[in-house]
Amino acid sequence: MVPVSLLIWLALEIAVYLLIGHQFLEADWPAAVAGAIGGLLGIRAGINAITWVFGMALASPAPRLGFARTARLMWDEYLAFLFTFVLVIPFERLWMPADRLAPGRQPILLVHGYGCSRGVWWLLRRRLEAAGHTVASVSLAPPYISLGRLEPLLNQRIEEVCAATGSPQVTLVCHSMGGLVARCYLARHGRKRVARLITLATPHMGSELSRIGFGQNAREMTTGSLWLQDMAAERLTLPVVSLRNAYDNYVMPQDNQRLPGARDIELPPVGHLAMLYDERIARLLIELLQQKTS
């Protein structure tokens, strides 16, 4: 499972930093611990910086925000990156107990993005439940296989959620790669079980950043891939809302989040991971979920 494997890698990474500091640099233990923390934070700062470098090279058509707002955007995204991959996903069970599924209104199924797990939804799930919604989630693992091989996991979870709640359909709310897995599901199974689809910063037409990603799914999410070309030929048969992040630091060019036939809504300036914790995004989703589908 993703949380266990990430926790193991995190422990190994810290052990390596401690070994380098104490054994090779001959630092005492307090200094070695400080160095390990610095290495942990620094490596993630570097990873996060790479996404912004790509974003600046493939400039968004959105207006410039100015130095202060751009710096705040980047800082918030770095904190979200640290929080997600150091505290939330490795310790998912502390943040994300089992889904609370009860008979009643139509459930919402949250589908995460690339390299993540259901744990990333812990705060949004609380906000949606506080608004009166029944919320389910799914983990798509292993994390770096083909999008087509992840789809059966989504299919299985949809059937489980419908059986548990007695609802004939779910509403899919998907972040990033999750939106592509959802479209793959719809291409294979149709809309019988899905009332509508809402995607957040999904690379519907691919992302150039995927060129340096790991796994078959990263290759399939690269702009111009055969997988995306095949998916583009699939006609939308249900209401779809594409929430587009004009300042996204993972999906670029940012206009690749547009999906022909879907309702396009531009999000306020926010980072790709930070949007999962942003109260403005939660309010927008709650508003959209209250609207009737046609």
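Values below: all heavy atoms of this structure, side chains included; hydrogens, waters and symmetry mates excluded. All residue numbers refer to positions in the sequence shown, counting from 1.
- A tilted orientation is assigned to the rings of Trp122 and Trp95, their planes being inclined by 30° to 60°.
- Judged purely by atom type and a 3.5 angstrom limit, Gln257 uses its side chain to pair as donor or acceptor with the backbone of Asn245.
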Can you check side chain to side chain contact (heavy atoms under 4.5 Å, CB included) on Leu82 and Leu41, steps first, answer last?
CA-CA 8 Å; Leu82 274 180; Leu41 298 179; 3.7 Å; yes

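- Under a 3.5 Å cut-off, the side chain of Thr222 and the backbone N or O of Ser225 do not form any donor-acceptor pair.
- Between Val173 and Leu128, the closest side-chain pair of non-hydrogen atoms is not below 4.5 Å.
- Residues Thr199 and Ser242 come closest through the heavy atom pair OG1-CA, 3.5 Å.
- Arg126 CZ: 12 or fewer foreign heavy atoms inside a 6.0 Å radius.
- Taking both residues in full, the closest heavy atoms of Gly179 and Cys174 are given as N-CB, 3.3 Å, listed atom of the first, atom of the second, then distance.
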Passes side chain to side chain contact (heavy atoms under 4.5 Å, CB included), Ser207 versus Asn256? Steps please.
CA-CA 7 Å; Ser207 173; Asn256 279 7; 5.9 Å; no

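- Residues Leu180 and Val251 are members of separate hydrophobic clusters, defined by side-chain heavy-atom contacts under 4.5 angstrom among Ile, Leu, Val, Met, Phe, Trp and Tyr.
- A donor-acceptor pair is defined here as one N or O able to donate and one able to accept, closer than 3.5 Å; no such pair exists between the side chain of Thr70 and the backbone of Phe67.
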Applying side chain to side chain contact (heavy atoms under 4.5 Å, CB included), run through Arg125 and Asp99 and close with a yes or a no.
CA-CA 9 Å; Arg125 185 176 73 167; Asp99 293 332; 2.9 Å; yes

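- The 12-atom threshold is not exceeded at CZ of Arg235, counting heavy atoms of other residues, nucleotides or ligands nearer than 6.0 Å.
- Every residue two or more places apart in sequence or in another chain that forms a side-chain contact (heavy atoms from CB on, under 4.5 Å) with Ala282 is listed here: Leu124, Arg127.
- By the side-chain contact (heavy atoms from CB on, under 4.5 Å) test, Ala274 pairs with Glu77, Ala80, Val270, sequence neighbours left out.
- Sorted by first then second residue, the ring-ring contact (aromatic ring centres under 6.0 Å, His included) pairs that include residues 155-200, not counting sequence neighbours, are His175-His272, Tyr185-His189.
- With sequence neighbours excluded, no residue forms a side-chain contact (heavy atoms from CB on, under 4.5 Å) with Gln229.
- Under the 4.5 Å side-chain contact rule for hydrophobic residues, Phe81 and Leu267 share a cluster.
- A search for ring pair (Phe, Tyr, Trp, His ring centres under 6.0 Å) contacts involving Phe214 returns nothing, not counting sequence neighbours.
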Test side chain to side chain contact (heavy atoms under 4.5 Å, CB included) on Phe85 and Cys116; report intermediate values, then the result.
CA-CA 8 Å; Phe85 292 106; Cys116 294; 3.9 Å; yes

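- The residues Glu234 and Arg183 are annotated as not salt-bridged, no charged nitrogen and carboxylate oxygen being separated by less than 4.0 angstrom.
- Between the side chains of Glu208 and Thr223, at least one donor N or O sits under 3.5 Å from an acceptor N or O.
- With sequence neighbours left out, the side-chain contact (heavy atoms from CB on, under 4.5 Å) criterion links Ile265 to Val241, Leu243, Arg263, Leu284, Leu288.
- The backbone N or O of Gly132 lies less than 3.5 Å from a partner atom in the side chain of Arg105, making a donor-acceptor pair.
- Considering all non-hydrogen atoms of both residues, Ala201 and Met275 come closest at CB-CE, 3.6 Å.
- Side-chain atoms of Asn217 come within 3.5 Å of backbone N or O of Pro143 as a donor-acceptor pair.
- Taking all atoms of both residues into account, the shortest heavy-atom contact from Gly119 to Val88 is O-CG1, 3.4 Å.
- Salt bridge annotation for Glu279-Arg283: present, with a cationic side-chain nitrogen under 4.0 angstrom from a carboxylate oxygen.
- In this structure, Arg211 places its CZ atom where more than 12 heavy-atom neighbours from other residues, nucleotides or ligands lie under 6.0 Å away.
- The shortest non-hydrogen separation linking Ser117 to Ile89 is OG-CG2, 3.8 Å.
- Take Arg219 and apply the salt bridge (charged side-chain N to carboxylate O under 4.0 Å, His left out) test, not counting sequence neighbours, and it matches no residue.
- When Ile145, Leu153, Leu147 are each tested for a side-chain contact (heavy atoms from CB on, under 4.5 Å) with Leu140, only one passes: Leu153.
- Proximity of a side-chain donor or acceptor of Arg196 to a complementary backbone N or O of Leu172 within less than 3.5 Å is not detected.
- With Arg280 contributing its side chain and Pro268 its backbone, the two residues share no donor-acceptor pair below 3.5 Å.
- Listed by first and then second residue, the ring-ring contact (aromatic ring centres under 6.0 Å, His included) pairs that reach into residues 215-241 come to none, sequence neighbours excluded.
- Residue pairs that meet the salt bridge (Lys or Arg N to Asp or Glu O under 4.0 Å) test with at least one member in residues 30-47, sequence neighbours left out, are Glu13-Arg44.
- No continuous path of ILVMFWY side-chain contacts below 4.5 Å connects Met252 to Met205, so the two sit in separate hydrophobic clusters.
- The stretch residues 131-163 participates, sequence neighbours left out, in these ring-ring contact (aromatic ring centres under 6.0 Å, His included) pairs: Tyr114-Tyr144.
- Remark: side-chain polar atoms of Arg191 are paired, donor with acceptor, to backbone N or O of Thr237 under 3.5 angstrom.
- Residue pairs meeting the ring-ring contact (aromatic ring centres under 6.0 Å, His included) criterion with at least one member in residues 145-168, sequence neighbours excluded, do not occur.
- The number of heavy-atom neighbours closer than 6.0 Å to CZ of Arg72, taken from other residues, nucleotides and ligands shown, is 12 or below.
- Applying the salt bridge (Lys or Arg N to Asp or Glu O under 4.0 Å) test to pairs two or more places apart or on separate chains, those with a residue in residues 241-250 are Arg244-Asp264, Arg244-Glu266.
- Clustering ILVMFWY residues whenever any of their side-chain heavy atoms sit less than 4.5 angstrom apart, transitively, puts Met221 in the very cluster that holds Val181.
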